[in-house]
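Beneath this line is the structure, given in structure tokens, with notes to follow.
Just so it is clear, the structure is predicted and the values come from calculations on it, not from any experiment.
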Amino acid sequence: MSNSGSAIVAPWLIVIGIGEDGVAGLGDEAKRLIKAAPVVFGGARHLELAAPLIGGERHSWQSPFEKSVEAIVARRGSPVVVLASGDPFLYGVGATLARRVDAAEMRSIPAPSAFSLAASRLGWPLQEVATVSLHGRPLDLIRPHLQPGARVLALTSDENGPKALAGLLAESGFGQSRLTVLEALGGGSERVSRHLASGFAMEDLDALNVCALEVVADADARVLTLASGLDDRFFEHDGQITKREVRALTLSALAPRKGELLWDIGAGSGSIAIEWMLADPAMRAVAIEASSERAARIGRNAARFGVPGLVVAEGQAPEALRGLPQPDAIFIGGGGSKPGVMEAAVAALAPGGRLVANAVTTEMEAVLLARHARFGGSLIRIDIARASPVGAMTGWRPAMPVTQWSWIKA
């Protein structure tokens with residue numbers, strides 16, 4: 001965020017939240033500011049709702065939206081009112097403008113958010129409810145929230161959103177979940193209807209709607225548990241996958257922290273990067289994979305796990321690492337014995353960054369032993385055996401041992 005010219009302290013940008021009840025829902029101060037504003041920005045619907053109060057210029061949002069942001073910033077120091085839906089700082093325009101305008105130069109007068117209104121209609125304690133915006137965002141983002149017994153409020157993009165959400169629930173094993181659609185909350189055409197996800201057939205919905213989910217899981221539902229080491233069967237793979245138990249230990253060694261970026265080199269199925277991103281919505285990852293077939297598979301897995309923001313960089317390391325944003329942590333699961341890969345990974349990390357590498361081949365193990373001798377860090381051997389039939393009885397079948405090197409850059 002930057003401001004040009006001399007410092008301006010007094011708020012010149014007023015961001016006012018407005019609900020479907022329009023002028024009737026505004027406080028006296030908000031009404032006064034809109035009346036006095038020489039220029040008012042907002043969506044066409046917002047400008048129509050506040051029309052009785054607007055005496056200055058009206059500017060509807062342009063496409064792309066950044067054009068309107070530039071027009072607002074260009075008026076720095078002159079009074080500007082921006083109208084927004086509900087709470088401008090909850091998935092709203094307020095957060096966008098705050099990246100360009102200092103908080104001391106802004107004043108916000110929020111209205112109740114769609115989530116607040118929905119919770120009040122349903123009698124749900126908002127602090128106990130998961131909230132997610134699917135407005136202009138992938139529907140797959142709902143997947144990590146689908147926990148048995150959970151309550152979820154989801155803001156959709158349009159009148160087709162509830163049907164699409166019901167379809168996702170049904171195909172993922174959550175068809176018995178209760179889905180309440182709350183339309184045009186706070187306005188004269190407000191409507192609340194209740195459905196089973198598997199039987200959703202409602203048409204002619206208002207484009208402004210919130211879906212409230214009471215999650216019920218079938219016996220075979222795709223529940224993404226909260227522990228590291230998700231079931232291997234959840235991943236589409238061709239055998240190139242860090243197995244469940246090793247994956248849990250690897251993620252523990254990577255030690256994810258909120259908002260960090262991971263490079264997953266030789267990503268295979270993308271399982272490490274995907275579970276890294278599931279740790280928190282703020283997590284970021286880049287999966288580097290040389291095979292185009294596997295790269296496409298990683299993208300499909302990311303969507304099915306509700307982390308569509310996973311970036312897939314198709315190419316061979318170390319060349320494919322050039323130009324990527326600096327990582328906070330790196331995992332090397334494949335290709336680490338190739339010339340230049342380890343050197344590029346070590347060079348890419350900032351001080352304090354973590355590197356974890358797994359080896360199942362003697363060639364890669366030799367690389368890790370040499371790195372450990374030179375740099376130190378932690379070196380462990382992971383041996384796992386699984387019970388399996390031996391004729392009419394049961395015995396232990398060992399998996400290939402894994403050598404893991406963990407290192408923190410000084």
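Counting heavy atoms of neighbouring residues, nucleotides and ligands inside a 6.0 Å radius, atom NZ of Lys409 exceeds 12 of them.
Residues Pro79 and Pro38 approach most closely at O-CG, 3.5 Å, considering heavy atoms.
Taking the charged nitrogens against the carboxylate oxygens, Glu343 and Arg371 do have a contact shorter than 4.0 Å, which makes a salt bridge. The pair Arg100-Glu66 meets the salt-bridge criterion, since a charged nitrogen lies less than 4.0 angstrom from a carboxylate oxygen.
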Show me, pair by pair, the donor-acceptor contacts under 3.5 angstrom made by side chains of residues 147-156, not counting sequence neighbours?
unit_1 : atom_1 : unit_2 : atom_2 : d
Gln147 : NE2    : Pro144 : O      : 3.3
Gln147 : NE2    : Leu224 : O      : 2.8
Thr156 : OG1    : Asp158 : O      : 3.3
Thr156 : OG1    : Asn209 : OD1    : 2.6
Thr156 : OG1    : Asn209 : ND2    : 3.4

Could you pull out every donor-acceptor pair under 3.5 Å between side chains of residues 373-382 and any protein atom, sequence neighbours left out?
unit_1 : atom_1 : unit_2 : atom_2 : d
Arg381 : NH1    : Glu365 : OE2    : 2.6
Arg381 : NH1    : Thr403 : OG1    : 3.2

Run the side-chain donor-acceptor check on residues 281-294: report pairs under 3.5 Å with partners two or more places apart or on a different chain.
unit_1 : atom_1 : unit_2 : atom_2 : d
Arg284 : NE     : Gly259 : O      : 3.3
Arg284 : NH2    : Gly259 : O      : 3.1
Glu289 : OE1    : Ala267 : N      : 3.4
Glu289 : OE1    : Gly268 : N      : 2.8
Glu289 : OE2    : Ser291 : N      : 3.0
Ser291 : OG     : Glu293 : N      : 3.4
Ser291 : OG     : Arg294 : N      : 3.2
Glu293 : OE2    : Arg297 : NH2    : 3.2
Arg294 : NE     : Asp238 : OD2    : 2.9
Arg294 : NH2    : Asp238 : OD2    : 3.3

Using atom types as modelled, flag every donor-acceptor pair under 3.5 Å from a side chain in residues 26-33 to any protein atom, sequence neighbours excluded.
unit_1 : atom_1 : unit_2 : atom_2 : d
Glu29  : OE1    : Arg32  : NE     : 3.2
Glu29  : OE2    : Arg32  : NH2    : 2.9
Glu29  : OE2    : Arg107 : NH1    : 3.0

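With sequence neighbours left out, Arg244 forms a salt bridge (Lys or Arg N to Asp or Glu O under 4.0 Å) with Asp231. In this structure Asp21 satisfies the salt bridge (Lys or Arg N to Asp or Glu O under 4.0 Å) test with no other residue, sequence neighbours excluded. In this view, Phe200 and His195 satisfy the ring-ring contact (aromatic ring centres under 6.0 Å, His included) rule, not counting sequence neighbours. Taking the side chain to side chain donor-acceptor pair (under 3.5 Å) definition, one finds that Arg257 meets it with nothing, sequence neighbours left out. Legend: residues meeting side chain to side chain donor-acceptor pair (under 3.5 Å) with Glu260, ordered by chain and number and at least two apart, are Arg354.
At least one side-chain heavy atom of Leu208 sits less than 4.5 Å from a side-chain heavy atom of Arg45.
Among residues at least two apart or in separate chains, ring pair (Phe, Tyr, Trp, His ring centres under 6.0 Å) pairs with a member in residues 296-329 are Phe235-Phe305. For residues 28-48, the set of pairs meeting the ring pair (Phe, Tyr, Trp, His ring centres under 6.0 Å) definition, not counting sequence neighbours, comprises Phe41-His59. Residue pairs that meet the ring pair (Phe, Tyr, Trp, His ring centres under 6.0 Å) test with at least one member in residues 125-167, sequence neighbours left out, do not exist here.
Thr250 and Gln404 form a side-chain donor-acceptor contact under 3.5 Å, judged by distance and modelled atom types alone.
Trp61 and Phe65 have perpendicular rings, their planes meeting at more than 60° on a 0 to 90° scale where under 30° would count as parallel.
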